[in-house]
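In each ligand, atom 1 is the first atom listed, and ligand 1 is the first ligand listed. As the structure is a computational prediction, the values presented were derived from the model and not from experiment.
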Amino acid sequence: MEDKTAILVIYTGGTIGMIKDPQSGALKPFNFDNIYDQMPILKSFQYQIDFLSFDPLIDSSNMKPSFWIRLAELIGSNYERYDGFVVLHGSDTMAYTASAISFMLENLNKPVVFTGSQLPMGVIRTDGRENFLAAIEIAAAKDESMPMVPEVCIFFENQLMRANRTTKFNAEHFNAFVSGNYPLLAEVGVHIRYHRQYIMKPNFKKLKIHTSLDFNVTILKLFPGISENVVRATLGIPGLKALILETFGSGNAPTDAWFIRSLEEAIDKGLIVYNVTQCKSGSVEIGKYETSLDLGRIGVIGGYDITTESALAKLMYLIGEGYSHDKVVELLQASIRGEMTTA
Ligand code: ASP
């Protein structure tokens, strides 16, 4: 019997979709209209695979939250027609986009698999082809007629990761992403080995799309020698509602009186300050060291093991939803899409 599984592939830009122009030799975006001629192997899947390309196609360094909204809406408007989605995206900001989409799609019960590549699809040693084919297979995979991976994830090289746990950490190796605080959802070798115990379970509720993001959020990365000017200028950004404070180690920061005082004044005026570690693995533990005691006292919120990418998306989403200050503070300390480990 023919497999009726339907997959929608959305190409947003990035290296993966590039091929060499036979005349000029320059890299140009792939035309997905004749993908079956260029990749006849796709026919052997026996799924219905449809393609949509963004216009314009972008290098993901030009990614904007307005684009996340378009992408979330596109998945939403095609949700009933497809069993799974593959998003081809540049790797540079993929962790940001994929994290944002995970917050914007509430009650997601189908796979949304982001992938890209380090080398364009059209070069001989490309990693794009394998990434693309495996992402389609994962998006189509079922377990007793239920989607195997009903969540937003990133597939790269041979690893499937929860999207909102990832960070791009390598600009050279094919294995470009790390999920420092959450186990892999699947590993691809001769077989695709799904680690079911780490994959979200479907909740069978109706998909809700959230597109009211609030962009009055910024990130301040601490470094030895950070000056009062830099801190005060950041806290003084007009309209700022939330600051992600990228701290050292398990959530530590300088204890200088001016530093604590300026943060305290901003928090007292209503600014949300979210403590996220600069480390790629491990968790914020406010109060573990003396250098984080004051942060806890003045009302800095601990982000446990959340990534910066996920923290940014989560804040834009929560504030955009119009929750009260107290509710935002509460939800920042809870895992709402599997983005952090609180226990
Ligand atoms: N600069 C490219 C991008 O992020 C790199 C890639 O495609 O991986 O769009």
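Residue Met200 is found outside any hydrophobic cluster, as its side-chain heavy atoms come under 4.5 Å of no other Ile, Leu, Val, Met, Phe, Trp or Tyr. Clustering of Ile, Leu, Val, Met, Phe, Trp and Tyr by side-chain heavy atoms under 4.5 Å joins Val178 with Phe169.
With respect to the salt-bridge test (charged N to carboxylate O, under 4.0 angstrom), the residues Lys168 and Glu309 do not qualify. No salt bridge links Lys4 with Asp83; every basic N to acidic carboxylate O contact stays at or beyond 4.0 Å. Salt bridge annotation for Glu330-Lys327: present, with a cationic side-chain nitrogen under 4.0 angstrom from a carboxylate oxygen.
Some N or O of Ser60 is nearer than 3.5 Å to an N or O of ligand 1, by distance alone. Below 3.5 Å of separation, one finds no N or O of Thr93 facing any N or O of ligand 1. At under 3.5 Å, a nitrogen or oxygen of Ser91, whether backbone or side chain, sits near a nitrogen or oxygen of ligand 1. Residue-to-ligand polar distances place Asp92 within reach of ligand 1: an N/O pair is separated by less than 3.5 Å. Remark: ligand 1 and Gln118 share no N or O pair separated by less than 3.5 Å (distance only, no angle test).
Listed by atom number, the atoms of ligand 1 under 4.0 Å from Thr15 heavy atoms are 2 (C), 5 (C), 6 (C), 7 (O), 8 (O). For ligand 1 and Gly14, the ligand atoms under 4.0 Å from any heavy atom of the residue are 7 (O), 9 (O).
In this structure, Ala176 has no heavy atom closer than 4.0 Å to ligand 1.
Heavy-atom minimum distance, Gly90 versus Met94: O-CB, 3.4 Å.
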